[in-house]
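To start, the structure under review is shown below, and the notes come after it.
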Amino acid sequence: VGPIEELLERRYRVIGRNSPLFYEKPLHLVRGEGVWLWDADGKRYLDAYNNVPHVGHCHPHVVEAIAKQAATLNTSTRYLHEGIVTYAERLTATFDPSLSMAMLVCTGSEANELALRISNVMTGGEGVICTNFAYHGNTRAVAQIGTVFPPPEGFGPHIRAIAPPDTYRGLHGLSGQALEDAYVDEVRKAIESLEAKKIKLAAMLICTVYSSEGLPNVPPNYMRRVVDLVHKAGGLYIADEVQGGFGRTGRHMWGHEAYGVTPDLVTMGKPMGNGHPVAGVVGRADLVQGFTDRAMYFNTFAGNPVSCAAAKAVLDVLENERLLENAVTVGDYMVAGLGRLAGKYPSIGEVRGKGMFFAAELVKDRGTKEPDGAEAKRIINAMRDRGVLISRIGPHDSVLKIRPPMVFTKEHADLLLATLDEVLAAR
Ligand SMILES: Cc1ncc(COP(=O)(O)O)c(C=O)c1O
């Protein structure tokens, strides 16, 4: 038994076998820097998966900000501190002016939980529309929203999970305008079905890049039309930016901007502190103020000076290193490279990219589009063995998920593409 097996056994004993691990051969990582990770044997991996180390693993500016603040003061928000105020000002300044207030929490799950509470209290409704195969977090209320990991408690009568929009797989064999209409109809039907049960709509909560759903392309006017329906039914539009936010999509700071529709509430997490657990809700002032007038909200760790220093440092690096521009340049380069591989290998049915976030649909047959989850599994494990980390997503686990730290360059892209070429050829 080697050291990895020994550590695995110890982990199974105290953490359990069901705590998920990536890859058939789990990785024992000991160090990170930029887009690179090293395992305990000193082997180096190109990280093309992790979005939490948004500006790169162990970015010195973020590390220094955390260390300096941790050595000075760390308290809760029940004391005045400039850190949270300055950060909330800087954060809200990146949104439409209507989204002018921020509440900080510690995880994406908490952010979505809080956004749901605000929606319930401010609309008087209970109903929530979400998409099939979505993931939004692990609290009791949030585990109900999305079906990727169905909660053993079951779904409450107030949940309606609709088909996520997807121009590749479509719905009922439709395309173009008819497909958009059919997806909009999903929301209309969900609202009607809630009304039939006398459940008032509180919110539609969606991931702005539909990450767990497989990064599908969305029909052009879909979002404007469904948000109109939600508003007419008295509900709020909650944009989950845990995956799509902080410039991930390159052309925008926030994923929802691509649709030209401003949300009522926005939730965020993962990349916000580059690995430090900080998350938040940004929303309309009337909603945040109205909710906090009615509910005392306090969160011991949220918005502490160290978290705010980390989060502020992430915004600094995004600006100083022009990482949104990098996501556009390198993103377009990667999509072109993946497109060339799709030209060579018919197992790639479609390539999709949103800034520094890429997906490749693996199919058994391009005509039938039958998903090939087994091939996706083979590829990600073979890539791992060759030192490149990616993963897979989607309803059939058949979509390669490539989502590197934002400091990914064309040279890194070349290495990833060459390795993927080798792995696809080695089938
Ligand atoms: C879109 C989305 N929302 C929310 C969450 C939950 O965030 P956390 O794990 O920080 O609670 C996740 C986590 O994967 C996510 O992908």
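First listed ligand is number 1; within each ligand, the first listed atom is number 1.
Inspection of the His54 and Asn274 side chains reveals no N or O donor paired with an N or O acceptor under 3.5 Å. Checked by atom type, the side-chain pair Arg392/Ser398 shows no donor-acceptor distance below 3.5 Å. For the 3.5 Å distance criterion, the side chains of Tyr49 and Asp47 fail to qualify, holding no donor opposite an acceptor.
With rounding to the nearest 0.5 angstrom, the CG atom of Leu80 is 10.0 Å from the OG1 atom of Thr75.
Using a cut-off of 4.0 Å between Lys/Arg side-chain N and Asp/Glu carboxylate O, Arg90 and Asp316 are scored as salt-bridged. A salt bridge is absent between Lys200 and Glu195: the closest approach of a Lys/Arg side-chain nitrogen to an acidic carboxylate oxygen does not fall below 4.0 angstrom.
Considering both main-chain and side-chain atoms, Glu110 never comes within under 3.5 Å of ligand 1 through any nitrogen or oxygen pair. Checked by distance only, ligand 1 and Lys270 come closer than 3.5 Å through their nitrogen or oxygen atoms.
Shown in contact with Gly137 at under 4.0 Å from a heavy atom are these atoms of ligand 1, numbered in order with element: 6 (C). Near Asn112, with a cut-off below 4.0 Å to any heavy atom, the atoms of ligand 1 are 3 (N), 4 (C). Counting atoms of ligand 1 from 1 in the listed order, those under 4.0 Å from a heavy atom of Tyr135 are 1 (C), 2 (C), 3 (N), 12 (C), 13 (C), 14 (O), 15 (C). Close contacts between ligand 1 and Val242 involve ligand atoms 2 (C), 3 (N), 4 (C), 5 (C), 12 (C), 15 (C) [criterion: under 4.0 Å to a heavy atom]. Each of the following atoms of ligand 1 lies closer than 4.0 Å to a heavy atom of Thr107: 10 (O), 11 (O).
Taking atom 10 (O) of ligand 1 as the reference point, the nearest protein heavy-atom neighbour is Gly108 N, 2.9 Å. Ser109 OG, 2.5 Å is the protein heavy atom nearest to atom 11 (O) of ligand 1. Atom 4 (C) of ligand 1 has as its closest protein heavy atom His136 O, 3.1 Å. Closest protein heavy atom to atom 3 (N) of ligand 1: Asp240 OD2, 2.6 Å. Of all protein heavy atoms, the one lying nearest to atom 16 (O) of ligand 1 is Gln243 NE2, 2.8 Å.
Thr123 places a side-chain N or O within donor-acceptor distance of the main-chain N or O of Ser119, the cut-off being under 3.5 Å. Side-chain atoms of Asp166 never come within 3.5 Å of backbone atoms of Gly170 as a donor-acceptor pair (strictly under, hydrogens ignored). Although no hydrogens or angles enter the test, the distance criterion places no donor-acceptor pair under 3.5 Å between the side chain of Arg17 and the main chain of Arg11.
Contacts between Thr267 and ligand 1, counted as non-hydrogen atom pairs separated by less than 4.0 Å, are absent for every part of the residue.
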